[in-house]
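To start, the structure itself, in structure tokens.
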Amino acid sequence: MEARTSGRRILLGVTGGIAAYKSPELVRRLRDAGFEVQCILTPTAAAFVSALTLEVVSGSPVLGEEYLQPGVGGAELHIQAAARADLLLVAPATAHTLAALALGLADNMLLTTALAFTGPVLVAPAMHAAMWNQPAVAARVAELCARGVEIVGPVEGALASGELGIGRMAEVPELVAAVQRRFAAGLLAGRHLLVAAGPTHEPIDPVRFLGNRSSGKMGFALAAEAARRGARVSLIAGPVALPTPAGVERFDVETALEMEARVHALAPSADVIVLAAAVADFRPLAAAPAKIKRSAGVPQIELVANPDILAGLAAVAPRALRVGFAAETGDDDAEAARKLLAKGAHLLVANDVSRSDIGFGSDQNEVTVHWRDREPLRLSRRPKSQLAGDLLDLITRELPGSDPVDATAR
Ligand code: PMT
């Protein structure tokens, strides 16, 4: 009996890494989820997984170099393949293919097809941790992200070398879930999401400030994913060195007072406000007009409290769903639950910022989500990009008139 399909067609690009041995399983699971799958093998991938295996499990001809020739009816096959697909997933993606995709190179069947493809692109990198951590790779990943490409993984675990580190391809169920999420993309259409991200810098004098270690990654991941899901996204960014995600309107601010002013200006039209920013609680009463000289001795700096932006939101955006984060040192559920109520939030996402593998600056996070009327939900450590999707699933579920996918079911 024929399996029922969604009619959605996935092009699966398989490149030459050891994780390619998982491709037949990935094809199977995608088909189980109702997708039609056509595979494209790069020349090196063919050394790791056979075209015949992929052809049998996908039920479609596998595209390779031999097809880089004029196709049926005068149109070239890579153009046809790109035109017929709803989504391109490259898994595993080697460092070479990542860079080639970022640069727009087109010297194999996968790259030429990718260049002709205009729909959503998901890329699942897989490589040794030493390669993944190279600035050259990070720069290509940032370029792809800025163009709206979704990077799924990599995750931490045993690498092909036997060492432990970040670089393993995301697991097959995660890849299938990421593909499914893309087809839920319209879920936030028509909604306005306001996200505040990064630290604030409170000037002491023209060269010094009070600040914290927030990189902005968590908030930027939320903004990027919300934009992919069709939301209008306003991102208020403290001083961070991150590119603006595709489709997001960005407002740069420096201090807590500037962040508050921008939040208040945008909040009245927002359906959801997410404060992932690490707002400084205190600022110097007055910034010195000139650099404070060491020779003048140790300065006495009087601090005053900054406004609590989250706590003030109920007054300026009473109908918006208000989501806060809580930076705790340790797992302090009682403190997170206190903040949820004290700050008038609907959801509070607590993370342990004393850990170096999550929280500040890390690409991964692990959180506990607190509600006013439900038991807290633990979301185990995962890439911030993936966590952003899971949090948006939960947030969407709280919005009136939504029938979103269930993050907790995964
Ligand atoms: O930016 P990354 O490097 O990716 O790191 C992510 C993160 C650790 C910064 C993020 O996940 C996080 O925890 N953000 C909240 C940090 C924080 O300020 O926590 P808090 O417990 O001090 O504040 C609780 C909530 O009140 C937060 O939503 C905060 O934005 C808000 N707040 C705090 C102080 C203040 N004056 N005004 C506020 O609105």
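In each ligand, atom 1 is the first atom listed, and ligand 1 is the first ligand listed.
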Please write down residue, atom name and distance for the protein heavy atom closest to [atom].
atom: atom 34 (C) of ligand 1; result: Asp281 OD1, 3.2 Å
atom: atom 32 (N) of ligand 1; result: Lys343 NZ, 3.7 Å
atom: atom 18 (O) of ligand 1; result: Ala278 CA, 3.4 Å
atom: atom 36 (N) of ligand 1; result: Pro307 O, 2.9 Å
atom: atom 2 (P) of ligand 1; result: Ser215 OG, 3.4 Å
atom: atom 39 (O) of ligand 1; result: Leu310 N, 2.8 Å
atom: atom 1 (O) of ligand 1; result: Ser214 OG, 2.6 Å

Taking atom types as modelled, find out whether [X] and [Y] have a side-chain donor-acceptor pair closer than 3.5 angstrom.
X: Ser380; Y: Arg378; answer: no
X: His201; Y: Thr255; answer: no
X: Ser214; Y: Asn212; answer: no
X: Glu202; Y: Thr200; answer: yes
X: Asn306; Y: Asp281; answer: no

For [X], the ligand 1 atoms whose distance to one of its heavy atoms is below 4.0 Å:
X: Val353; answer: 8 (C)
X: Ile309; answer: 37 (N), 38 (C), 39 (O)
X: Leu275; answer: 27 (C), 28 (O), 30 (O), 39 (O)
X: Gly361; answer: 2 (P), 3 (O)
X: Gly324; answer: 28 (O)

Minimum non-hydrogen distance to atom 22 (O) of ligand 1, winning option of Lys384, Gln364, Met218, Lys339: Lys339

If you measure from each non-hydrogen atom of [X] to ligand 1, which part falls under 4.0 Å: side chain, backbone, both or neither?
X: Asn351; answer: side chain
X: Ala327; answer: both
X: Val349; answer: neither
X: Ala277; answer: backbone
X: Ala196; answer: neither

Ligand 1 contact by Ala276, heavy-atom criterion under 4.0 angstrom: yes

Lys217 N/O under 3.5 Å from ligand 1 N/O: yes

N or O pair under 3.5 Å between Phe325 and ligand 1: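 So ligand 1 has an N or O lying under 3.5 Å from an N or O of Phe325.
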
Close side-chain approach of Thr113 to Ile79, heavy-atom, < 4.5 Å: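 The answer is no, as the side chains (C-beta and beyond) never meet within the 4.5 Å cut-off.
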
Within-4.5 Å side-chain heavy-atom neighbours: Asn133 and Ile166: yes

Check: Thr97 side chain, Thr94 main-chain N or O, donor-acceptor pair, under 3.5 Å: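 Answer holds: no.
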
Test item: His192 side-chain N/O and Asp271 main-chain N/O as donor-acceptor pair under 3.5 Å: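 Pair absent, no side-chain N/O of His192 close to backbone of Asp271.
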
Between CZ on residue Arg182 and CD1 on residue Ile10, distance to nearest 0.5 Å: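 Rounded to the nearest 0.5 Å, the CZ-CD1 separation comes to 11.0 Å.
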
Rounded distance [0.5 Å steps], CZ in Phe220 versus SG in Cys145: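 One finds 12.0 Å between CZ of Phe220 and SG of Cys145.
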
Candidate pair Val233 and Glu249, rule side-chain contact (heavy atoms from CB on, under 4.5 Å), full reasoning: CA-CA 6 Å; Val233 182; Glu249 191 179 17; over 6 Å; no

Neighbour count above 12 (heavy atom, 6.0 Å) for Arg147 CZ: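 Yes, CZ of Arg147 has more than 12 neighbouring heavy atoms, counting only those of other groups under 6.0 Å.
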
